[in-house]
Amino acid sequence: MIRPAPAAKFRPGDAVRVLTTEKEGHVRTPAYVKGKRGEISHVLGTFPDPESLAYGGNGLPEKVLYRVVFRQADLWESYEGSTADALYVDVYEHWLEPAGEEG
Amino acid sequence: MSGNGHDGHPHEELRHESSPWAARIRAVEELLVEKGVFTHEEVRAQIEHTEARTHENGARLVARAWVDPEFKNLLLSDTKAACSELGIDASGPVELAVVENTERVHNLIVCTLCSCYPRPILGRPPDWYKSFAYRSRAVREPRAVMREFGLELPEGVEVVVHDSTADLRYMVLPARPPGAEGMSEEELAALVTRDSLIGVAIPREPARTQ
């Protein structure tokens, strides 16, 4: 953890899914992980909300940021490489929901 | 780009200077100076500061981590504290993180949304890092991208891509090349290339340096 996040909703190891919300503006969630299932790798801390900061807002309320790990094979059709290959993206909490059982 | 060199002599520098973007930046700068937000001197000093930083800072961090396991742990757990120990100014608002290459894992850094880069320790990003091609392909076909940089990884090595889309900026801690035993920290730092700190390459082998 880089900054404190006492109110973090998720913990390392939790299965999460990235929301598919269409949202205009300074959104830091890349489209290719939307709707994809991943796992919390690190709780990174609480940071000002970039979607507010970008437009002169005060960044409040702050958002908890997580490092989320995805399997490359889950992200791309016909991915070339090992099934162990992984991709990490830093995603804010309001873009994540708990993912149920795999399948 | 249309309008490029219709006199038959494309002039890279002039074209940049006279582009609409450059004109807009100049206009914004003038307005902000007029409003007293900053001075031209501060802008000039900031440009100088930005251009003075290079990947040499990153190379020093790596060389120290190769010879000092305790420092390596600090670099991986608290990158800013490790920077302070070497007198590197990383006090800005941006958080830094370092990911370690091992025999089993190779890391690659990209920012698909723009060009986020750990400037305090690596300086300005190379142009290709900001290109649409790198940004889109590094996440989807990292092994092909690395091959184009001349890096063919063994099958058994796991490729891990970090898309730095938020408040952290990443650097790779590459593995110490074979044959670098007994070298001084300064000699080791000279083996660490910029590209090896992004992950599209690995450090030079000692025999190839003078």
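Side-chain atoms are counted along with the backbone in the values below, which use heavy atoms only and exclude waters and symmetry mates. The sequence lines fix the lettering, A, B, ..., with proteins before strands; numbering per chain opens at 1.
A donor-acceptor contact shorter than 3.5 Å links the side chain of B:Asn101 to the backbone of B:Asn107.
Both the backbone and the side chain of A:Pro30 have a heavy atom closer than 4.5 Å to some heavy atom of chain B. Proximity to chain A involves both the backbone and the side chain of B:Glu158, based on heavy atoms less than 4.5 angstrom apart. Only the backbone of B:Val157 comes within contact range of chain A, judged by heavy atoms closer than 4.5 Å. Proximity to chain A (any heavy atom under 4.5 Å) is restricted, for B:Leu96, to the backbone atoms N, CA, C and O. B:Ala144 touches chain A through backbone and side chain together, each having a heavy atom under 4.5 Å away.
Under 4.0 Å is where a charged nitrogen must lie from a carboxylate oxygen, and between B:Arg64 and B:Glu185 at least one such pair does. Salt bridge annotation for A:Lys23-A:Glu51: present, with a cationic side-chain nitrogen under 4.0 angstrom from a carboxylate oxygen.
Listed by chain and residue number, A:Asp14 satisfy the side chain to side chain contact (heavy atoms under 4.5 Å, CB included) test with A:Arg11 (two or more places apart in sequence, or in another chain). Residues passing the side chain to side chain contact (heavy atoms under 4.5 Å, CB included) test with B:Arg124 are B:Thr50, B:Glu51, B:Arg119, sequence neighbours excluded. Residues meeting the ring pair (Phe, Tyr, Trp, His ring centres under 6.0 Å) test with B:Tyr129, sequence neighbours left out: B:Tyr117, B:Tyr134.
Per-residue heavy-atom pair counts under 4.5 Å with chain A were compared for B:Ser164, B:Gly156, B:Pro142, and the maximum is reached by B:Pro142. For chain A, the option among B:Val160, B:Thr112, B:Leu113, B:Val139 with the highest count of heavy-atom pairs below 4.5 Å is B:Val139. If you tally non-hydrogen atom pairs under 4.5 Å between each of B:Glu155, B:Arg143, B:His162 and chain A, the highest count goes to B:Arg143.
The distance from the CZ atom of A:Arg28 to the SG atom of B:Cys114 is 4.5 Å, given to the nearest 0.5 Å.
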Run the numbers on B:Glu48 and B:Arg44 for salt bridge (charged side-chain N to carboxylate O under 4.0 Å, His left out), then give the verdict. CA-CA 6 Å; B:Glu48 198 170 275; B:Arg44 192 204 56 75; 2.8 Å; yes
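The two atoms that bring B:Gly199 and B:His106 nearest to each other are O-NE2, 2.7 Å, heavy atoms only. What you find for B:Leu108 and B:Ala138 is that their closest heavy atoms are CD2-O, 4.0 Å.
Of all residues in residues 80-98 of chain A, those placing a non-hydrogen atom less than 4.5 angstrom from a non-hydrogen atom of chain B are A:Glu80, A:Gly81, A:Ser82, A:Ala84, A:Asp85, A:Ala86, A:Leu87, A:Tyr88, A:Val89, A:Asp90, A:Tyr92.
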